Structure formats: structure tokens, C-alpha cells
Amino acid sequence: MKRKKIILFFLAVALLVVSGPVLAADVPRMTVDELKAVLGNDNVVVLDVRSGRDWRSSEFKIQGAKRADPGKINTWAGTYPKDKTLVLYCA
């Protein structure tokens, strides 16, 4: 059961809830294995964009991920260097 939750959690990596012109079809997706392979890479920033209550109550969080409020994307989106790969996830 725990493995199933972890797999579902990582599959949600590709989901992004934003209020912008980005279409889901235009957003690159990655598999769990692809994410595991880049964790710890200095060129990758993992952002947890789950809503506040979902984020606070979750027992599953990616180690090293930074919290980014999905409702304030216009505030934080431009703060990351363009040469970094941003991985956003929600569940």
C-alpha cells in the first residue's frame, strides 16, 4: 500500500495547477525513475506546488523540495535562474 501511494505521488509530478497560458500538453512530463535520477542534481529545483492543506497534511514529501504556493506563481516563477530545470509536483 505504501509503495502504491509513493508511485501515485510521483506520478503527480507532471501535474501543475497554474493560472496561466501554459497548456498541459506543452509541459514536459517525467517518470518516477527520471525524477529519481535527477534528485540531488544542482541544476534541478524541485517545487512542491500542492495547496496549503494538502501540503501540510501530507506524510509524503520529496526530500529537498521547496514549497511554492500555486496561487502565487507570478511571485516566485521568475525567481529561479533560467538555466535550472524546475520540476513541479502536486498530489
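Just so you know, these numbers use all the heavy atoms, side chains as well, and skip hydrogens, waters and symmetry mates. Count residues from 1 along the sequence. All figures in this text were calculated on a predicted structure; none of them were measured in a lab.
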Under 3.5 Å donor-acceptor pairs involving side-chain atoms of residues 62-71, not counting sequence neighbours:
from: Arg67; atom 1: NH1; to: Asp48; atom 2: O; distance (Å): 3.4
from: Arg67; atom 1: NH1; to: Arg50; atom 2: O; distance (Å): 2.7
from: Arg67; atom 1: NH2; to: Arg50; atom 2: O; distance (Å): 3.2
from: Asp69; atom 1: OD1; to: Gly71; atom 2: N; distance (Å): 2.8

Distance, nearest 0.5 Å, that separates CG of Leu47 from CD1 of Ile73: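 With rounding to 0.5 Å, CG (Leu47) is 9.5 Å from CD1 (Ile73).
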Lys84 side chain to Asp42 backbone, donor-acceptor under 3.5 Å: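 Looks like yes, one N/O pair under 3.5 Å.
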Val49 side chain near Trp76 side chain, heavy-atom distance below 4.5 Å: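 Val49 reaches Trp76 side chain to side chain.
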Can you list everything that forms a side chain to side chain contact (heavy atoms under 4.5 Å, CB included) with [X]? Sequence neighbours excluded, please.
X	value
Asp33	Thr31, Lys36
Val38	Met30, Leu35, Val44
Asp83	Pro81

Side chain to side chain donor-acceptor pair (under 3.5 Å) partners for Ser51, two or more places apart: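 Ser51 satisfies side chain to side chain donor-acceptor pair (under 3.5 Å) with Asp54 only.
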Steps toward side-chain contact (heavy atoms from CB on, under 4.5 Å) verdict (Thr85, Val45): CA-CA 6 Å; Thr85 298; Val45 178; over 6 Å; no
